[in-house]
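Have a look at the structure below before the remarks.
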Amino acid sequence: HVVLQPQRLGDLLRAIITFADAQGSSGGARGGVLYHSQLPRLWGDFPRELHGDLVQLLYDAGLAHPLVDEMGEPLFPAVSMVVAMCPAEPPPEVAQHVAALARDRGRAWDVTLTLRFHGGQVPVELLPMLFALLQGMSPAGLRWLRGGVLRSEGAGDASEALVSCDVEVLHGDGMADREAVLRATELRLEVRGEVGSTVVHRALRGLRTLRNARFPGLRLSGATVEVASSGA
């Protein structure tokens with residue numbers, strides 16, 4: 001067994017975040033994704049044979065989470081998602097991208113699909129894990145802690161969605177952004193294309209996979225679909 005003082009556990013996480021900041025948009029630690037092949041560079045002060053146990057400590061503390069594929073199986077080579085590595089606010093490129101879509105046809109989105117959940121708590125890890133699961137559809141510069149863009153460019157189905165999480169507005173002394181996200185009750189998919197498009201199908205399948213593999217208590221309470229007026 002590996003036993004660390006809380007300060008040392010914080011040091012492990014700090015090394016990961018510092019590495020992500022240094023790598024910027026070009027490194028493998030983009031958007032909360034950490035490839036375990038990078039661990040020897042991050043944790044050189046610890047024996048390499050302990051790295052697996054140290055990762056498990058981060059999992060046990062809720063500071064990192066193992067990623068799975070779309071069948072719910074662990075990825076190999078191993079990859080983890082670290083929430084603290086995700087940008088808290090939308091990158092400026094997101095607003096610029098949505099504005100460009102709106103200029104193209106007079107509106108950015110054709111369909112809005114809203115999912116509501118029981119209990120008033122959407123796990124803070126859910127969206128970062130969804131974007132990591134669908135990395136091939138999720139541009140690294142267009143995602144953050146509670147939202148991001150998914151894009152499908154397959155033949156005959158060029159669809160796109162902005163997936164985001166509504167956050168309850170809190171008053172009083174204020175609350176950290178990551179705590180506020182825990183009070184989100186809805187996920188919204190704003191779709192450019194049809195509601196049955198590939199990007200929606202993959203997003204919903206990904207959410208189902210994550211629920212089964214990581215969040216069995218997450219239950220859908222309702223859904224609504226709004227279609228933009230053709231004259232918009």
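Please read all numbers here as calculations on a predicted model, not as lab measurements.
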Is there a side-chain contact between L113 and L204, using heavy atoms and a 4.5 Å cut-off?
-> yes

Go through the steps to decide whether L187 and S164 satisfy the test side-chain contact (heavy atoms from CB on, under 4.5 Å), and finish with yes or no.
-> CA-CA 6 Å; L187 294 182; S164 59; over 6 Å; no

Heavy atoms of L127 and G147 approach each other most closely as CD1-N, 3.8 Å

Taken to the nearest 0.5 Å, the spacing of L58 CG from D53 CG works out to 11.5 Å

Does the side chain of V55 reach to within under 4.5 Å of the side chain of L39, using non-hydrogen atoms?
-> yes

Return yes if a side-chain donor-acceptor contact under 3.5 Å exists between E160 and H97, otherwise no.
-> yes

Return yes if a side-chain donor-acceptor contact under 3.5 Å exists between S221 and R116, otherwise no.
-> no

CD/Q96 to CG/L101 distance, rounded to the nearest 0.5 angstrom?
-> 12.0 Å

Look up atom CZ in R219 and atom CZ in F117, then write down how far apart they are to the nearest 0.5 Å.
-> 11.5 Å

Closest non-hydrogen atom pair, A223 against L115 | CB-CD2, 3.9 Å

Is there a donor-acceptor contact under 3.5 Å from the side chain of S138 to the main chain of L134?
-> no

For W109 and A228, the nearest pair of non-hydrogen atoms, with its separation, is O-CB, 3.7 Å

To the nearest 0.5 Å, tell me how far E190 CD sits from R107 CZ.
-> 13.0 Å

Same cluster or not: are L218 and L67 linked, directly or through other Ile, Leu, Val, Met, Phe, Trp or Tyr residues, by side-chain heavy atoms under 4.5 angstrom apart?
-> yes

So H51 and W43, would you call those rings parallel, tilted or perpendicular, with 30° and 60° as cut-offs?
-> perpendicular

At their closest point, which heavy atom of S159 faces which heavy atom of T198, and how far apart are they?
-> OG-N, 4.0 Å

Got a sec: does the CD of E194 have more than 12 other heavy atoms crowding it under 6.0 Å?
-> no

Heavy-atom closest pair (M129 atom, P66 atom, distance to 0.1 Å) is CE-O, 3.5 Å

Is there a path from F131 to V200 through hydrophobic residues (I, L, V, M, F, W, Y) whose side chains come within less than 4.5 Å of each other?
-> yes

Spell out, as yes or no, whether a donor-acceptor pair under 3.5 Å connects the side chain of D110 to the backbone of G193.
-> yes

Do the non-hydrogen side-chain atoms of L150 and V163 ever get within less than 4.5 Å of each other?
-> yes

side-chain contact (heavy atoms from CB on, under 4.5 Å) between L207 and R202, worked out | CA-CA 9 Å; L207 289 169; R202 294 279 300 279; over 6 Å; no

Does a donor on one side chain and an acceptor on the other come within less than 3.5 Å for S80 and H65?
-> no

Under the side-chain contact (heavy atoms from CB on, under 4.5 Å) rule, what do E125 and F215 come out as? Steps first, then yes or no, please.
-> CA-CA 10 Å; E125 310 94 340; F215 309 108; 3.7 Å; yes

Just wondering, do R146 and E89 contact through their side chains at under 4.5 Å, heavy atoms?
-> yes

Quick one: does R143's side chain have a donor or acceptor within less than 3.5 Å of a partner on V149's backbone?
-> no

State yes or no: do V199 and V111 share one hydrophobic cluster built from I, L, V, M, F, W and Y residues joined by side-chain heavy-atom distances below 4.5 Å, directly or via other members?
-> yes

Validation row: L34, L42 side chains within 4.5 angstrom (heavy atoms) | yes

Transitive ILVMFWY side-chain link L189 to L142, under 4.5 Å | no

Interatomic spacing from CD in Q135 to CG in L130 - rounded to 0.5 Å | 11.5 Å

Any chance you could measure L126, atom CG, to M81, atom CE, to the nearest 0.5 Å?
-> 9.0 Å

List the steps and the verdict of side-chain contact (heavy atoms from CB on, under 4.5 Å) for S152 and M137.
-> CA-CA 6 Å; S152 171; M137 302 177 68; 3.9 Å; yes

Does the side chain of R188 come within less than 4.5 Å of T224's, by heavy atoms?
-> no

Please check if V98 and L145 belong to a single hydrophobic cluster, counting links between Ile, Leu, Val, Met, Phe, Trp and Tyr side chain heavy atoms closer than 4.5 Å.
-> no

Write down the atom of L133, the atom of L210, and the distance for their closest heavy-atom approach.
-> CD2-CG, 4.3 Å

